[in-house]
Amino acid sequence: MFSIHGLLRAENMEMGRDADTGGQIKYVVELCRALSKHEKVRRIDLFTRLIDDKSVSDDYAQITEEINSKFRIMRIQCGGKKYMRKELLWPHLDEYIDNMTKFIKKEGIIPDIVHGHYADAGYVASQLSEFFGIPFLFTGHSLGRTKKQKLLDNGYNDAEIVKKYKIDQRIDVEEDILKASDLIITSTKQEMEHQYGMYECGGLPAFRVIPPGLDLEIFYPYYHDTLSDTNREEEQIFAQASVLEELNRFFLQTDKPIVLALCRPDKKKNISGLIRAYGEDKELQSMANLAVFAGIRKDISDKEENEKKVLTEMLLLIDKYDLYGKMAIPKKHNFEYEVPELYRIAAEKRGVFVNVAFTEPFGLTLIEASAVGLPIVATDDGGPRDIIKNCVCGILVNPVKTDEVSNAIKKIISNPNLWKKFSKNGIMKVRKNYTWESHVKTYLKEVFSIKKSPRAKDISMAKPTDPIGKRIIDLNYFLITDIDNTLIGQNNEQLNHLLTLLKKNRDKIGFCVATGRTVESAVRHMKEYNINHSLDMIISSVGTEIYYGKSLQFSRSWRTHISRQWDRNKLKELLDTLNFLEYQEEETQREFKISFYMEPAKDRVAAIHELLIKNKCRYNLVYSHNQFLDILPCRASKGKAIRFFSYKWEIPLGNFLVCGDSGNDEEMLRGGPLAVVVGNHSPEIDKLRGRKNIYFADAACAGGIVEALKHYNFIN
Ligand code: GLC
Ligand code: MG
């Protein structure tokens with residue numbers, strides 16, 4: 001399970017401390033806890049980011065937090081140790097993936113399934129899923145396109161949104177995540193249709209609506225006295241008394257049923273619609289009191305503009321309909337203890353809970369109210385529709401029709417049998433549909449069906465059957481060879497012999513190439529020589545790109561790593577001024593490789609260095625075969641790519657056999673790996689003779705490689 005941003009710990013969650021530490025954290029921890037209680041779940045690891053920062057609790061610097069024998073929270077580092085907001089994490093996620101890969105290798109256990117929460121963790125989980133060939137679940141919690149729309153509606157401009165929220169990057173990543181996921185879990189049908197519907201591939205992945213669970217320890221039925229947890233008993237009795245006292249300040253007749261509303265003072269919540277419905281209906285006023293809990297406030301004039309508007313309108317309506325003595329608008333309540341008490345008090349007084357927001361995608365308060373046995377009247381929209389269908393615990397209404405609202409309330413209050421039916425259904429059915437246990441039951445059913453038959457809607461996107469991550473973890477030895485004049489050239493018989501040897505030892509030795517060619521050209525060329533059994537890695541374009549496995553999975557972390565201090569345009573502009581350089585063919589030019597033909601002449605290489613250094617450029621220059629000039633990022637080369645591979649997968653360099661023939665192989669042959677220079681090598685590489693672990697073979701090309709396998713006893 002992955003949930004990377006925010007402050008995540010299992011106890012004493014700091015809900016609402018900042019924008020990144022909210023509902024998602026609670027959701028994920030509760031989901032994991034519930035999963036860990038299920039007998040079919042062997043183990044749950046919840047991965048978040050390690051934060052070692054004086055400004056936050058040192059709980060977040062703990063690498064492991066054991067929750068129970070099957071569930072632990074693991075903290076993995078990326079982008080340093082300082083706490084940072086989620087929008088700033090993007091450039092560091094590839095580091096997170098690398099550290100995760102190492103973790104998996106060290107533990108020696110590949111997870112059976114990965115589940116990412118929010119786009120950042122979704123990205124990490126989807127990459128791991130591809131690497132290890134395991135199913136990937138995704139829960140968005142919120143999505144970039146929806147957020148962007150909201151911000152635009154609120155008058156932000158495009159540039160601001162992109163800068164502050166990195167929203168376009170998030171949306172791009174989300175598109176990829178949706179394509180890669182085996183299953184997307186949403187809390188409501190509306191979320192699935194409207195939010196995911198905004199994505200290009202919104203219709204493609206499989207979806208399952210599984211509402212989150214409710215904490216039933218807290219939302220127990222109104223007719224039970226107190227919590228089972230005696231530690232909380234005292235707090236609770238106190239809360240009960242304080243809620244009643246607060247309400248009674250407002251009401252002339254305290255024994256009447258209560259029509260209860262509880263929501264943020266947000267225009268969308270349509271509080272004024274409810275007050276109007278009540279204010280216009282004298283009959284309803286004589287039957288029941290109205291209590292509206294609209295957030296906590298000290299001084300309305302200090303509130304934000306939109307909240308101020310809503311709260312002021314509330315006061316004006318009370319005055320207009322003269323609801324003094326009948327309507328309560330308490331200024332504060334304590335969430336943890338008083339909210340459940342509120343529902344219970346309203347239920348004891350045979351009241352109704354009302355939520356007539358203009359739209360309601362989920363409606364958690366409706367589920368809470370139903371759980372304690374308080375019937376509901378709610379907007380005929382996404383969330384409430386699901387709830388009423390599942391629980392039959394109230395009535396759906398059109399929120400802008402005030403008489404429809406008041407009639408529904410009256411119908412329930414005036415009919416004790418109906419009230420009882422709704423109340424009982426709520427208590428029973430919430431326990432069936434909206435608990436973490438029921439969530440986990442559905443969740444696991446889905447997971448097991450994915451494991452049996454992975455998503456097959458689009459064959460090209462099916463998970464590889466021989467996932468490269470699993471293979472690399474199992475392998476400890478790799479043959480890494482240059483292509484032209486090393487693997488291929490001169491002797492086809494020896495090449496076939498080598499390929500047979502590699503095939504026979506496929507479960508012991510990995511097979512990789514490192515070449516100046518582009519990946520497309522390398523694959524094409526090798527096919528011509530019947531090298532079609534799958535390569536484990538292709539390092540192409542002189543080490544600027546790395547691809548893994550049969551599916552040629554592109555290494556984004558290598559890309560991120562080498563992109564530092566690379567300014568392609570500036571380099572090109574400068575090099576354009578040198579008249580002895582001639583550009584190579586267009587297809588050889590890559591994002592991180594600028595290539596020229598250059599006749600050898602005295603001082604030319606030195607002149608290039610001088611020009612580029614004078615202009616403060618960072619780069620790596622490779623001149624080979626007396627004709628090819630490659631300008632690469634300072635962090636890129638074939639040798640550096642091999643070292644990156646060794647580091648990322650924790651395979652010692654000494655377990656590699658590296659093969660080459662010319663000057664541009666020199667760097668990857670030196671220092672560390674076992675190396676072989678084939679018999680047909682160019683003279684420029686003769687200077688490596690006599691070095692430790694560099695074997696000069698007699699035979700040419702593949703024959704030389706076979707010779708080296710024997711020389712180093714590599715196969716045994
Ligand atoms: C390959 C590439 C070329 C590069 C040369 C040397 O021939 O196609 O672009 O310059 O290798 O690295
Ligand atoms: Mg070569």
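Keep in mind that what you see is a predicted model, and the values were worked out from it rather than measured. Each ligand, and each atom within it, is numbered from 1 in the order the structure gives. The residues of the chain are indexed from 1 along the displayed sequence. Keep in mind that the numbers below use all heavy atoms, side chains included, and drop hydrogens, waters and symmetry copies.
Ring geometry, W558 versus F644: the interplanar angle falls from 30° to 60°, so the pair is classed tilted. Classification of the F645-W649 ring pair by plane angle, with boundaries at 30° and 60°, yields tilted.
The Mg ion (ligand 2) lies under 2.8 Å from an N, O or S atom belonging to D484.
Distances below 4.0 Å separate heavy atoms of N664 from the following atoms of ligand 1: 6 (C), 12 (O). Heavy-atom proximity to V542, at under 4.0 Å, picks out these atoms of ligand 1: 12 (O). When each atom of ligand 1 is checked for a heavy atom of S624 under 4.0 Å away, the hits are 6 (C).
Here H625 has no heavy atoms under 4.0 Å from ligand 1, in either its backbone or its side chain.
Checked for salt-bridge contact, E175 and K179 miss the test: no charged N lies under 4.0 Å from a carboxylate O. The existence of a salt bridge linking E666 and K687 is confirmed by a sub-4.0 Å separation between a basic side-chain nitrogen and an acidic carboxylate oxygen.
Among protein heavy atoms, atom 6 (C) of ligand 1 sits closest to D630 OD2, 3.3 Å. With respect to atom 3 (C) of ligand 1, the closest heavy atom belonging to the protein is Q584 OE1, 3.2 Å. In terms of protein heavy atoms, atom 11 (O) of ligand 1 is closest to G516 CA, 3.6 Å.
Within D661, the N, O or S atom lying nearest to the Mg ion (ligand 2) carries the name OD1. No other N/O/S atom of D482 lies as close to the Mg ion (ligand 2) as OD2 does.
Y165 does not carry K86 over the face of its six-membered ring by the limits of under 6.0 Å from the centre and within 45° of the normal. In this structure, R689 is positioned above the aromatic face of F696, its NZ or CZ under 6.0 Å from the six-membered ring centre and within 45° of the axis.
At least one donor-acceptor pair under 3.5 Å links the side chain of E707 to the backbone N or O of D698.
The distance between the ring centers of F2 and Y118 does not fall below 6.0 angstrom.
The distance criterion of under 3.5 Å between nitrogen or oxygen atoms is met by K593 with respect to ligand 1.
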